[in-house]
Every structure is written in structure tokens, then in C-alpha cells.
Amino acid sequence: MVQDLLLPILKHEQKKSGYISEAAIKRISIQTGIPVSRIFGVATFYSMFHTKPQGKNMIEVCHGPSCHLNGSFNVLKSLYKSLKIKPGETTKDKKFSLHTCSCIGCCDKGPAMLLNGKQYTLLDETKLKAIIKKCRS
Amino acid sequence: MQILRKTELKAYKKAKKIGQKGVIEILSKKGLVGRGGAAFPTARKWQFAIDTKSDTKYVICNADEGEPGTFKDHLVLEKVPENVIEGIIIAAETIAAKQAYIYLRGEYEYLKPKIQKAISSVLKRSGSKVKIDIVVGAGAYVCGDETAIIKSIEGYRGQAYLKPPFPPVEGLWGKPTVINNVGTLANVPQAILFDDWDPHLRLFSLSGDVTKPGIYEFPMGVSLKKLIELGKPKNPVKAVYFGCFGGCMPYKEILLTPENVCGQNCVIGAGTIIVVDNTHSIVDMAETIAKFYAFESCGKCTPCREGSKRCLDLIAKIQSGKATKQDCDTLLDLALHIHETSLCGLGQTATNHLITALKYFREEFEQKCKLH
């Protein structure tokens, strides 16, 4: 059973390279014998896999209803102010990618986001500025 | 909180003593039902897997808590992971499975070391031979559906498929598989061990426009008003959403039982309560939730894949002020069609929020429409 290793393999590739390139898909296909089409299908199905290059720091702002009520829109606005990118975009210096994501289970501490997989909660403009500054240094 | 009482493997020892029949009998007598939202009797699910003849069987712990506004499993995995693991080995040994998986959602990956530690410790102390592996998801709401979890663990796109056969008969790699929610498995050792275990207690995830959000443990049938007052809302409360899939209702006093909530055309599901006060628009909520479903639809069946996008388009049109009241009718019609014709639970419930919002808060939609 090789197929069940596909998710961990793709996770590893995503972590190592920041995205899953066409070359990586072809390489994995040769190594595992799983058709390219199927690997591509899996890589594009899950939202945490990216098939385009991403910035060094991955920001995913929770867009669930609880975070919406607690001001996730303001989080996106603040991030736009400091990074000049909208959801789905990467900064020119390739340091940050911004995405919105579905609920991350921090509904009692919204608005929340994931930065490189780590939770940041009860966000406001001051907190966000400090977080971005720390990433830049 | 009852759910946080530790069982320290005493339930596992008791389960070994009373055997397969004893475990099924005790869970059935105590009335343990699934905590994922469907409330299926746990003992019956296990019995199906026992009755299916096979050398290989599996147990899957569903830790893909993706329902927006729900964070109860998060609490359980963080505070009492040992209870969950004890529940898993009891389940596995009862149905004679040698392998179990914990399907942990990608967004909770940071909990993995803690769970891994609990697995090693429980297996070492209990001497159980059950192999438990953690499979980390990669971001897909639909993988909360049991058939989608199976596909995802097998390494495919996490798309749901038609039942029957149900997983306890034919599941992971075609073998009998019991899939239980984190909350259910955490309750298994407690139900077996404690005489005073209360089957009616549930975890309610309270969030939204409240100043004291969090997990509250109450019996099924608790007063909605009491629960919301504990959350100390800032402003007068307008509406309550039962997660995204459960729909919404105007705020009023009801006792939270599945029947009462169903009477409001909503679904109580996993006890998710999102409070919306009078400073927020229901149309904005509808747009947020419609975006979520358009993004999370797995794409397998047409009503959900295409319909969720059309719903979002129509709501955007209403938001832009270019829509007419007829567009509200079209939206409702579309919502009802998606509800009735989608393949899996995601699609069938994807428009509950629209059907109920248009029933109870139609004037908010119409206020944004043109007169003609």
C-alpha cells in the first residue's frame, strides 16, 4: 500500500520546499508509481497544500463566523496596511503569503490566525504589527 | 467538568475483565451516543463491526473538528488525551482491531506531540498491543465525514461516497471500521468506570458576540437563555447559529434538545452556539458562511459544487444592492435544491443557514434589494 503514504509525502514536500512543484509531483510519481494525475488531484484538494511558490512566512487568517463577528476583516485590513497584499497573494520580497482559511478552532479567542502553523489569537493592530516586525527581523 | 475526569486505565482493566459482551452491554445500558453530532448509539456501531466477519478491522478516532464555532474536541485532546487513547484501545480490543488511527485535522497539528506522548504512555502502562497511528489531515472540512476520512487516510482526495455499505461493515481498505468522534471515545472509559456518569451531559461551544466565550458543560435540554447569559453578551442578542451547518434562529428562550431545535428548523449537532447581536447583519453572516461552503465543497456532486458558488454569487448581488426581491426567492429555491439533492452531509446541510436566515430574517435581505 503506497497510496496511503501520499499525504505524509506531500506534507513533507510542502514543509521542505514551501510548495509542491510540478517537478516534485513527477519525482514522487516515479518513486511511488502513483500516476501524476492522482498526485496532482490530491495536492490541489487539500487547502494546506500549495502548487505555487509561497512566501517564507505563511499567514492564514481564520474566516469562520465567530472570527468574522470578532473582526477578522480588521485583521485582513491591518495586514494589508503593513504587507500590501490581499488574501491569495505573496509579498514581492517573498517573505509573506496571506490566505484566509476555514475555522481553526480558536472561536473563543477570535479573531485568530495561523502563522507557519502556530496559533495567534485575540488579534488587534498592535499585536499584528509586533508579529510582522518579529518575522521581518 | 465530567469530561475532564481522568480514568487512569481503570476502565481498560474493567473492560478486560468484563469482556466484549460486557463492554457492549454496559455502553448500551448507560446510553452512550456519538458526540460528533449524529448521536448514533456507540454500542450498536461497535456491534455491527463485531458481527462482520474479518481478520482485519480498524478503529478511527475522528479528530477532524472542522465545524466552524466548534472547539470542544480541542479541549478534550488538550486536557485529557489519555482518556481518548484509553477509549481507542477499549474500542479496538472490543471489536478485535489491531490497528487504530487518529485522524487529526491539519490545523491542530501542534497537538500531535501531546497526543503522541499520551499514546506511548497509555500503551506502555496498559500493555495493550493495539497499534495507534496519527494521520494528520491537510485542510479539508469534508474530511469530518466518515467516508471522506477513510478516503483521506487511504491517500486519496477526501471525497465522501454513498453509504451503504456503512464503515462498520466495509470501511478502511474495505475492512470493517469503527469511526468515533474524540468526544465519544473520551466518554467510553468514563461510562464504563463511573457509576455516576451522566449520559446527558454535553459540551457546548459558545462563541461569537459574547464576552465570555468558551466550552460549557450542561445536560441536553439546558435553557438557551441561561447558556447565553453565562456568555455575557455585549449587546442585545439577535440570532443564534448552531455552527454553519445547523442553521440559525431568532434569539428566544428554548430548551436545547434535538427535538426543540429541530422545531426551529435547525440542527443542534455538536452543541455549537454562535451568538449574533444586533450590531451584526445576517446578510454578512450569510455571505461569510456561503464563502466557507463554496470553498470547502469537495466538488464531487453537482448540486453542492455548482450550487454553493451560485449561492455566493446571489448573496454578493444582494450585498451590492443590485438584486431584486425575486433574487431572494431564487436563493431560497436554490438552497432547498442543494439541501435535497446533494450527496453527503456537507452538501445536504450547506444551505441550512440560508433556508433559516430567509425564513426568520428575510427583511434584512430584502432591505438590500431594489424595489423592482
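Source: prediction; values computed, not measured. Letters A, B, ... are given to chains in the order of the sequence lines, protein chains preceding strands, and every chain is numbered from 1.
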Main-chain N/O of B/G137 paired to A/K11 side chain as donor or acceptor, under 3.5 Å: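 Side chain of A/K11 to backbone of B/G137, a donor-acceptor pair under 3.5 Å: yes, one is there.
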
Please check if the side chain of A/Q3 supplies one atom and the backbone of B/G155 the other of a donor-acceptor pair under 3.5 Å.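 Indeed, once roles are kept as given, a pair shorter than 3.5 Å links the two residues.
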
In terms of heavy-atom pairs under 4.5 Å, which option from B/V275, B/T288, B/I215 contacts chain A the most?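 Heavy-atom pair counts peak at B/T288.
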
Work out which heavy atom in B/G69 is nearest to a heavy atom in A/C103; give both atom names and the distance.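 Heavy atoms only, the tightest pair is N-SG, 3.6 Å.
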
Minimum heavy-atom distance B/G158-A/F45, with the two atoms named: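 For B/G158 versus A/F45, the nearest heavy atoms are N-CE2, 3.1 Å.
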
Under 4.5 Å from a heavy atom of chain A, the part of [X] involved:
{"X": "B/V136", "result": "both"}
{"X": "B/C298", "result": "both"}
{"X": "B/D284", "result": "both"}
{"X": "B/I153", "result": "backbone"}
{"X": "B/E296", "result": "side chain"}
{"X": "B/K212", "result": "neither"}

What do you reckon, is [atom1] of [X] surrounded by more than 12 foreign heavy atoms closer than 6.0 Å?
{"X": "A/E22", "atom1": "CD", "answer": "no"}
{"X": "A/K77", "atom1": "NZ", "answer": "no"}
{"X": "A/K84", "atom1": "NZ", "answer": "yes"}
{"X": "A/K127", "atom1": "NZ", "answer": "yes"}
{"X": "A/D93", "atom1": "CG", "answer": "yes"}
{"X": "B/K300", "atom1": "NZ", "answer": "yes"}

Side chains of [X] and [Y], heavy atoms from C-beta outward: is any pair under 4.5 Å?
{"X": "B/V276", "Y": "A/L69", "value": "yes"}
{"X": "B/C244", "Y": "A/P65", "value": "yes"}
{"X": "B/F71", "Y": "A/C106", "value": "no"}
{"X": "B/F295", "Y": "A/S47", "value": "yes"}

Which members of residues 105-112 of chain B, sorted by number, sit under 4.5 angstrom from chain A on a heavy-atom basis?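 When heavy atoms of chain A are the reference, residues 105-112 of chain B contributes B/R105, B/G106, B/E107, B/Y108, B/E109, B/Y110 within the under-4.5 Å range.
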
Say you draw a straight line from [atom1] of [X] to [atom2] of [Y]; how long is it, rounded to the nearest 0.5 Å?
{"X": "A/S66", "Y": "B/D209", "atom1": "OG", "atom2": "CG", "value": "9.0 Å"}
{"X": "A/F40", "Y": "B/R157", "atom1": "CZ", "atom2": "CZ", "value": "9.5 Å"}
{"X": "A/R38", "Y": "B/Y156", "atom1": "CZ", "atom2": "OH", "value": "4.5 Å"}
{"X": "A/C107", "Y": "B/L206", "atom1": "SG", "atom2": "CG", "value": "10.5 Å"}
{"X": "A/Q119", "Y": "B/H74", "atom1": "CD", "atom2": "NE2", "value": "4.5 Å"}

Quick one about B/S152 and A/Y46 (side-chain donor to acceptor, distance below 3.5 Å, no hydrogens or angles considered), yes or no?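 Yes, B/S152 and A/Y46 have a side-chain donor paired with an acceptor closer than 3.5 Å.
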
Under 4.5 Å, counting heavy-atom pairs only, tell me which of A/G41, A/A43, A/C67 racks up the most with chain B.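 Looking at each of A/G41, A/A43, A/C67 in turn, A/G41 comes out on top.
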
Could you walk me through whether A/T100 and B/F292 pass side chain to side chain contact (heavy atoms under 4.5 Å, CB included), step by step? CA-CA 10 Å; A/T100 53; B/F292 165 73; over 6 Å; no

Checking A/E60 against chain B: side chain, backbone, both or neither under 4.5 Å from a heavy atom?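 Answer is neither: A/E60 stays 4.5 Å or more from chain B.
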
Which answer fits A/I104, side chain, backbone, both or neither, if we ask what part of it has an atom under 4.5 Å from a heavy atom of chain B?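 For A/I104, backbone and side chain are both near chain B.
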
